[in-house]
Number of protein chains: 2
Amino acid sequence: MQLFAYGRPRITLYTHSTRNRPMALNHAIMTALLDDRLSGYELTKSFDTSLGFFWKASHQQIYKALRDLEKQGLLESEDVPQAGKPDKVIYGLTDAGREALEEWVLGESRVTESKDDMFVKFYNLSPDNAAHLREELAERRRQDAARLALYQRIRQRNYAEPTALPVRRQGIYLALLAGIRHCETRLAWAEEADALLAAVTPAQSVAAR
Amino acid sequence: MQLFAYGRPRITLYTHSTRNRPMALNHAIMTALLDDRLSGYELTKSFDTSLGFFWKASHQQIYKALRDLEKQGLLESEDVPQAGKPDKVIYGLTDAGREALEEWVLGESRVTESKDDMFVKFYNLSPDNAAHLREELAERRRQDAARLALYQRIRQRNYAEPTALPVRRQGIYLALLAGIRHCETRLAWAEEADALLAAVTPAQSVAAR
DNA sequence: CTATTATATGCAACAGTTTGCATATCCACC
DNA sequence: GGTGGATATGCAAACTGTTGCATATAATAG
């Protein structure tokens, strides 16, 4: 009787396994705690700006990650009673946390490519939906413009002379610069795209006359 | 006795609910099937190039999505026996599928921001890891350069004169252009970043002397 | 006085993605 | 004769992220 009916058992080498690489949200949180001790609430808000350009997270995710990281001994917490506000729990990096973070930086990076419906929609362009796509595009432009303005302000205030900054701040500057360039590129593209869409749209209004 | 101990029951309006918006992978697949009838295997490969810049999917995801979409009547399938190769199943859009796709385009878009470890790592820049980050950056440059070259080739071959193209092809051109601009921007940024990192790295080799 | 907003934390269900594994054929290369 | 790679499809578990809901205090706006 043959128990292993199909082929022979295989030996797998796990050469490119990512199993042991924990999700980067944890590391993003630890990064945010490098300088400051913060509560989950404060982290949630700070994720909306600075680091948030590269990593979005909901408060549910963040609170859970904080508890997990504390269980692993990478963070320590402190209960802070407050008057006039609900009590909060602030978290800080432990030495083990700092070490784990440094080690993580030296590992391989994982990229989760962005997924954007809008581009898939462009593959479906027709006179029927061109007007709608222009609207979506206009909304994006507003968002990108707002974000760009914010990042430009931050740059001028805190990163005007990058080479004069301490090393770590130079790294943050580069990330910020990537964000700025990204917004600029999208805005320039949106202008080109809008011009082309505008040439498509009138066909509909003519047909609808 | 008070059964609803905490506060009063709330009425929620679901004004910005996204519950009924199905994931875009399904729509990306349907989009890829607009012109051609393809098998899961072929779709997986085509996702690696064209649409893949905006939407990555594994073969496991794609095969499952295809079966789901067929169950919903949005796709139809046909078994194709092959000589010298395993048989395959090719899928095509049904009329219902085409309609559903057109309707989806007119809805709101969802953006899943890209998540890239590398930028989080830049927030941790130090002389200890600057060399490692330069390596990662160099690897990204190779990838971006390769992708850019591919997209440039596609552009020259098929989209040299965008305004002369049929409407839908113009939409694809715009998506392609976004991909090109994106790669170019990242490459330009990587150059700047590398220059700054280079100024950080030597400090280590001097210290290590 | 009531509604809203900000502060502050959390659970549970669900949706979506990744990873590991499984199966099978045929071709090319060494 | 075996190894590796391309073709072709699929299951199941683990992981990650989103959504809806729950709870509580206090300030502010109307």
Side-chain angles (χ1 to χ4, degrees), chain A residues 4-28 38-45 47-48 55-68 70 77 79-91 110-115, chain B residues 4-29 38-45 47-48 55-68 77 79-91 110-115:
Chain A
F4 299 99
Y6 301 104
R8 62 214 165 295
R10 297 194 183 179
I11 294 153
T12 312
L13 289 172
Y14 298 97
T15 44
H16 50 274
S17 170
T18 50
R19 259 286 153 88
N20 302 318
R21 242 189 295 155
M23 56 175 175
L25 171 58
N26 286 350
H27 296 104
L38 299 169
S39 70
Y41 191 80
E42 288 159 346
L43 271 166
T44 302
K45 279 194 306 174
F47 261 63
D48 283 348
W55 214 276
K56 297 266 186 249
S58 64
H59 71 99
Q60 291 94 335
Q61 269 179 287
I62 288 171
Y63 285 120
K64 186 175 182 306
L66 287 170
R67 292 189 299 267
D68 291 349
E70 190 181 17
S77 72
D79 286 27
V80 179
Q82 295 188 116
K85 289 178 189 175
D87 299 349
K88 65 180 177 180
V89 186
I90 63 168
Y91 291 86
R110 244 196 290 189
V111 192
T112 306
E113 223 79 27
S114 78
K115 301 195 165 180
Chain B
F4 298 100
Y6 303 105
R8 59 212 167 300
R10 295 193 186 181
I11 293 154
T12 312
L13 288 172
Y14 297 100
T15 43
H16 50 276
S17 170
T18 51
R19 261 285 155 89
N20 301 317
R21 240 192 294 156
M23 57 176 175
L25 171 59
N26 285 350
H27 296 105
I29 287 174
L38 298 169
S39 70
Y41 191 81
E42 289 159 344
L43 270 167
T44 302
K45 279 192 308 173
F47 261 62
D48 284 347
W55 213 275
K56 297 267 184 244
S58 64
H59 70 97
Q60 290 93 334
Q61 272 178 284
I62 288 171
Y63 285 120
K64 185 175 182 306
L66 286 169
R67 292 190 298 269
D68 291 350
S77 72
D79 287 27
V80 180
Q82 293 187 115
K85 287 178 191 178
D87 299 348
K88 65 180 178 181
V89 186
I90 62 169
Y91 291 85
R110 245 195 291 189
V111 190
T112 306
E113 224 79 25
S114 80
K115 300 195 167 180

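Both backbone and side-chain heavy atoms feed into the values below; hydrogens, waters and symmetry mates do not.
For the pair D79(A) (side chain) and V89(A) (backbone), a donor-acceptor distance under 3.5 Å is absent.
Distance CG (L66(A)) to C1' (dA8(C)): 13 Å, rounded to an integer number of Å. Rounded to a whole Å, the OH atom of Y41(B) is 18 Å from the P atom of dA24(C). Rounded to a whole Å, the CG atom of D68(B) is 12 Å from the P atom of dA15(C). In this structure, R110(B) atom CZ and dG17(D) atom P are separated by 15 Å, rounded to whole Å. Taking atom NZ of residue K88(B) and atom P of nucleotide dA6(D), one finds them 17 Å apart after rounding to whole Å. Regarding D87(B), its CG atom lies at a distance of 13 Å from the C1' atom of dC26(C), rounded to whole Å. Look at CD1 on I90(A): it is 15 Å from C1' on dT9(C), rounded to the nearest Å.
For L25(B), taking side-chain heavy atoms from C-beta onward, the closest of the listed nucleotides dG17(D), dA8(D), dT17(C) is dT17(C).
Closest non-hydrogen pair, I29(B) versus A65(B), comes out as CD1-CB, 3.5 Å. Of all heavy-atom pairs between I62(B) and G40(B), the closest is CG2-O, 4.1 Å. A pairwise comparison of heavy atoms in Q82(A) and D87(A) identifies N-OD1, 3.1 Å as the closest pair. The nearest pair of heavy atoms linking K88(B) to E42(B) is NZ-OE2, 3.0 Å.
Heavy atoms from other residues, nucleotides or ligands lying under 6.0 Å from NZ of K64(B) number 12 at most.
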**Request:** Apply side-chain contact (heavy atoms from CB on, under 4.5 Å) to F47(B) and H59(B), showing your working.
**Result:** CA-CA 10 Å; F47(B) 261 62; H59(B) 70 97; over 6 Å; no
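Contact check, K45(A) against dT7(C): a side-chain N or O comes under 4.0 Å of OP1 or OP2. OP1 and OP2 of dG16(C) both lie 4.0 Å or more from every side-chain N or O belonging to K115(A).
Within residues 55-64 of chain B, the residues that have a heavy atom under 4.0 Å from DNA chain C are, in order of number, S58(B), Q60(B), Q61(B).
Mapping E42(B) and R67(B) onto DNA chain D by nearest heavy atom places E42(B) at the nucleotide closer to the 5' end.
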